[in-house]
Each structure stands twice: as structure tokens, then as C-alpha cells.
Amino acid sequence: MDEWFEKQRKELLRIIENFTPEDGTHDTQVPGLRLIRASRLSERVYSVYEPSLCVVAQGSKVVMLGQEVYQYDPSSYLTASVHLPITGQVMEASRETPYLSLQILFDMNQILDVIQASGDVIRAGNETSRGLKVSRMNDTLLDAVLRLVKLVETPQDIPVLAPYAMREIIYRVLQNENSASLKQFAVIGSHAQRIAGVVEKLNRDFAQPLRVDELAAEARMSASSLYDYFKEVTGLSPIQFQKQIRLQEARRLLFSGSIDAAEAAFQVGYESPSHFSREYARMFGQPPVRDVRLLRSALVDEMVVSADKNGG
């Protein structure tokens with residue numbers, strides 16, 4: 001990294017550190033901007049990535065999509081073009097040198113607006129590729145990201161300046177050589193845009209029975225084409241995708257403590273509690289009750305460590 005790049009990174013680091021008093025994800029007054037802090041290596045965290053740009057100021061993280069592994073750090077950034085069920089793990093972090101990063105959420109209308117304003121002519125095509133990509137960070141993108149993040153220090157400027165900063169960030173991302181697929185997701189009628197619609201439907205209606213023929217008809221594709229394009233974008237088959245979304249939601253419901261395993265199974269679309277328990281254990285490594293008990297125990301331990309750290 002050159003001297004200028006390192007100076008910008010340290011400024012980004014300073015702001016994130018100042019606005020993340022404790023571990024976790026922190027929303028900001030800047031629309032779409034989240035700041036993240038972790039002071040220790042994490043276990044695997046299961047979540048759904050929204051369309052977004054993820055930038056690390058310090059430390060590194062691994063994201064798994066299906067069987068594929070994506071690692072990024074201050075020299076790179078990650079873009080998610082569609083909602084994807086992922087497994088994330090912080091790989092470099094300590095109390096003295098915490099993992100510090102940010103996530104900027106965007107939507108396809110913002111991308112299409114920037115494409116049109118730049119005069120870039122893109123026609124709907126058959127191109128599709130992974131909805132998750134890691135690219136090399138560059139000076140112009142880091143500078144644009146820093147301008148957006150700096151607005152947390154001057155909230156009075158956010159309404160006027162944040163839209164322009166966001167627009168520049170999207171423009172800089174689209175200039176990257178890896179941006180072709182991101183552009184296709186924004187083009188109405190493209191195969192990528194149709195698959196994005198299927199992904200959105202599965203995220204929304206995950207508890208409903210999966211009917212590939214109906215999804216294919218809505219996407220104006222054959223069932224075999226839908227399967228192939230869907231797997232190309234998400235790294236998963238439609239049924240694998242639905243299963244991950246269902247199990248993540250069931251885990252969230254169980255951890256909230258409001259329902260038991262059988263009720264969670266029914267709420268996310270399983271007809272058989274035993275089938276649910278088997279698939280849950282296969283994904284999370286433990287049956288539902290034991291897994292949630294371990295999660296709660298880990299949370300209590302974390303709270304004790306935090307209290308000790310803060311003199312509580």
C-alpha cells in the first residue's frame with residue numbers, strides 16, 4: 001500500500017473506531033451505512049447479505065457462499081448484487097486491534113441511475129455470474145467511501161451530501177473490471193435481473209412450497225435454464241437456497257425464545273419436525289435445542305467479558 005492509501009485507511013479506521021463503542025453492527029444516520037466492530041475472532045455467523053458494498057479498515061473476514069470461500073481485508077472489498085445466505089467469520093481481530101469494517105447498502109435503481117447518467121449503454125443479455133465478488137481496492141473508491149463515512153461526524157451535512165457521495169461510490173465500483181455482472185443485475189429484462197427477482201421471491205416467501213415450474217414461468221425461462229442460471233448467480237440450487245433461508249430464520253426464532261423447535265419448524269415451512277431437526281443439525285452442527293443453549297451461553301460469556309473490560 002502506498003503512503004496516501006495508508007493515510008486514507010487510517011482516517012477511515014479512526015472514524016469507525018470512534019462510532020463503534022462496542023462489538024456489533026451499528027447503524028448510522030447516513031442512509032444505508034453500517035459500521036461493524038469485533039474485538040475477537042468469531043465463530044461462524046449465518047446471515048443474509050443484502051445488495052451492498054463491504055469494506056474492511058482493519059482485520060480480515062471470510063465469507064462462505066455454498067462451498068465457495070471469499071476473503072477480504074483492507075486491500076480489497078466485497079460486493080453482493082443480490083440477497084444471499086452466507087456464512088461469515090472474522091479471521092483477524094483482538095481487543096487491542098479490533099476488526100473494523102463498514103457495509104453500504106444499495107439498490108438496483110441507484111445502480112441503473114448511475115449507469116444511465118454515465119452514458120453507458122448496456123443491453124439486456126444472457127450474462128450471469130456470481131452475485132458475490134471480491135475486488136481489489138483502489139485509491140478513488142477508498143476516497144469516495146471515506147467521504148461518505150466522514151458524514152457521520154457532521155450529521156447536518158448528510159441530507160445534502162450523502163446522496164452525492166453514494167452516487168460516486170456506485171460509479172467507482174462500476175468502473176472496476178469486475179463490475180459487468182453488477183451492471184447486468186440492474187438491467188431490466190436481463191437474465192441476471194430475472195434471477196434477482198427469483199432470489200427476492202425466495203427470500204420473501206421461503207416458508208411456501210418450492211415450485212420450480214412456477215418460478216421459471218415468472219422468470220420467463222425454462223425450468224432447466226432457471227436452475228442453471230440460479231446456481232450460476234448464487235452458487236446454490238433453488239432448494240438449497242430455500243433451505244438455508246428457512247434454517248437461518250428458524251434459528252433466529254428459536255434464539256428469541258418465543259417458540260419451541262416444532263413450532264419454529266412449522267413457521268419456516270417444514271411439515272416434519274424430525275426432518276427439520278436433522279437438517280438443522282447438519283447446517284449448524286447441533287440439534288436445535290442444544291444449539292440455542294450453546295448460543296445463549298456464549299452470549300452470556302461475551303457479556304461478562306464486556307463487563308470486565310469496562311469495569312462493570
Side-chain angles (χ1 to χ4, degrees), residues 1-17 20 25-26 32-42 44-45 47-94 97-106 110-111 114 129-150 165-166 168-185 232-235:
M1 295 184 190
D2 61 33
E3 186 177 337
W4 184 90
F5 186 98
E6 185 62 12
K7 180 182 176 183
Q8 296 294 87
R9 184 191 71 84
K10 286 183 177 178
E11 178 66 2
L12 186 63
L13 182 65
R14 178 191 66 80
I15 298 170
I16 297 175
E17 196 158 24
T20 54
T25 299
H26 303 262
L33 175 63
R34 298 170 177 169
L35 306 179
I36 300 103
R37 180 189 187 103
S39 58
R40 61 178 181 176
L41 305 186
S42 73
R44 291 186 175 187
V45 176
S47 62
V48 176
Y49 263 13
E50 301 173 66
S52 58
L53 165 71
C54 301
V55 175
V56 173
Q58 183 168 270
S60 71
K61 185 175 184 179
V62 161
V63 168
M64 285 151 276
L65 176 64
Q67 299 301 312
E68 298 172 352
V69 177
Y70 301 79
Q71 183 162 1
Y72 59 109
D73 56 31
S75 68
S76 53
Y77 64 92
L78 180 142
T79 49
S81 305
V82 292
H83 290 74
L84 294 170
I86 61 93
T87 307
Q89 192 167 13
V90 172
M91 303 302 291
E92 291 180 45
S94 67
T97 310
Y99 168 82
L100 297 166
S101 70
L102 63 93
Q103 182 181 32
I104 300 171
L105 307 178
F106 54 75
Q110 290 173 299
I111 292 175
V114 172
S129 61
R130 281 291 183 272
L132 207 62
K133 285 190 179 295
V134 172
S135 306
R136 186 168 183 79
M137 179 59 77
N138 58 63
D139 294 351
T140 53
L141 176 57
L142 180 60
D143 193 40
V145 168
L146 182 56
R147 264 196 295 281
L148 181 73
V149 175
K150 276 184 175 180
M166 177 68 83
E168 182 182 357
I169 288 168
I170 293 172
Y171 176 71
R172 297 301 181 190
V173 170
L174 291 175
Q175 287 182 315
N176 187 286
E177 66 274 9
N178 281 340
S179 69
S181 63
L182 185 61
K183 293 176 182 178
Q184 278 296 322
F185 281 106
E232 193 170 345
V233 169
T234 68

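Basis for what follows: all heavy atoms, side chains included, without hydrogens, waters or symmetry-related copies.
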| remark: For Val69, the side chain to side chain contact (heavy atoms under 4.5 Å, CB included) test, sequence neighbours excluded, returns Val62, Met64
| task | Could you walk me through whether Val55 and Leu12 pass side-chain contact (heavy atoms from CB on, under 4.5 Å), step by step? | result | CA-CA 10 Å; Val55 175; Leu12 186 63; 4.3 Å; yes
| message | Would you compute the distance between atom CG of Leu13 and atom OG1 of Thr97 and round it to the nearest 0.5 angstrom? | response | 9.5 Å
| query | Leu84 and Leu132: side-chain contact (heavy atoms from CB on, under 4.5 Å), yes or no, with the steps? | reply | CA-CA 8 Å; Leu84 294 170; Leu132 207 62; 4.1 Å; yes
| field | Rounded distance (nearest 0.5 Å) linking atom CD1 of Ile16 with atom CG of Leu102 | value | 5.0 Å
| field | Donor-acceptor contact below 3.5 Å, side chain Arg9 vs main chain Ala57 | value | yes
| message | Test of understanding: with side chain to side chain donor-acceptor pair (under 3.5 Å), list the residues that count as partners of Glu17, not counting sequence neighbours. | response | none
| task | Give, for atom CG of Leu53 and atom CG of Leu148, the distance between the pair rounded to the nearest 0.5 Å. | result | 10.0 Å
| Going through the distances and angles, do Ile36 and Thr20 end up as a side-chain contact (heavy atoms from CB on, under 4.5 Å)? | CA-CA 7 Å; Ile36 300 103; Thr20 54; over 6 Å; no
Distance-only check: which donor-acceptor pairs under 3.5 Å involve side-chain atoms of residues 140-147, not counting sequence neighbours?
residue: Thr140; atom: OG1; partner: Asn138; partner atom: OD1; Å: 2.8
residue: Asp143; atom: OD1; partner: Gln8; partner atom: NE2; Å: 3.0
residue: Asp143; atom: OD2; partner: Arg147; partner atom: NH1; Å: 2.8
residue: Arg147; atom: NH2; partner: Glu168; partner atom: OE1; Å: 2.8
residue: Arg147; atom: NH2; partner: Glu168; partner atom: OE2; Å: 2.8

| task | Specify the closest pair of heavy atoms between Phe106 and Ser52, including all atoms of both residues, with the distance to one decimal. | result | CE2-C, 3.1 Å
| With a 4.5 Å heavy-atom cut-off, do Leu78 and Lys133 have their side chains touching? | no
| request: For the residue pair Val82 and Tyr49, establish whether any side-chain heavy-atom pair is separated by less than 4.5 Å. | output: no
| said: Are there over 12 heavy-atom neighbours, none belonging to Arg44, within less than 6.0 Å of that residue's CZ? | reply: no
| Minimum-distance pair of heavy atoms, taken over all atoms of Pro74 and Phe5 | O-CZ, 3.6 Å
| task | Please test Gln103 against Cys54 for side-chain contact (heavy atoms from CB on, under 4.5 Å), starting from the C-alpha separation and ending with a verdict. | result | CA-CA 4 Å; Gln103 182 181 32; Cys54 301; 4.0 Å; yes
| Could you state the interatomic distance from CE (Met91) to CD (Gln71), rounded to the nearest 0.5 Å? | 6.0 Å
| task | Scan residues 84-94 for pairs that pass side-chain hydrogen bond (donor to acceptor under 3.5 Å, both in side chains), counting only residues two or more places apart or in two chains. | result | Ser60-Glu92
| query | So do Gln110 and Met166 actually touch side chain to side chain, heavy atoms under 4.5 Å? | reply | yes
| request: Enumerate the residue pairs fulfilling salt bridge (Lys or Arg N to Asp or Glu O under 4.0 Å) with a member in residues 56-68, sequence neighbours excluded, ordered by first and then second residue. | output: Glu68-Arg130
| request: Would you mind reporting whether Val134 and Val63 have side-chain heavy atoms less than 4.5 Å apart? | output: no
| request: Mind checking side chain to side chain donor-acceptor pair (under 3.5 Å) for Ser101 and listing every partner two or more places apart, or none if nothing turns up? | output: Tyr99
| query | Ignoring hydrogens and geometry, is there a side-chain-to-backbone donor-acceptor pair from Ser39 to Pro98 under 3.5 Å? | reply | no
| remark: Those residues at least two apart in sequence (or on a different chain) that pass side chain to side chain contact (heavy atoms under 4.5 Å, CB included) with His83 are Val48, Glu50, Pro51, Val199, Asn203
| request: Mind checking the OG1-CD1 spacing from Thr79 to Ile111? Nearest 0.5 Å is all I need. | output: 9.0 Å
| Which atom of Val56 lies closest to which atom of Gly59, heavy atoms considered | CG1-O, 3.3 Å
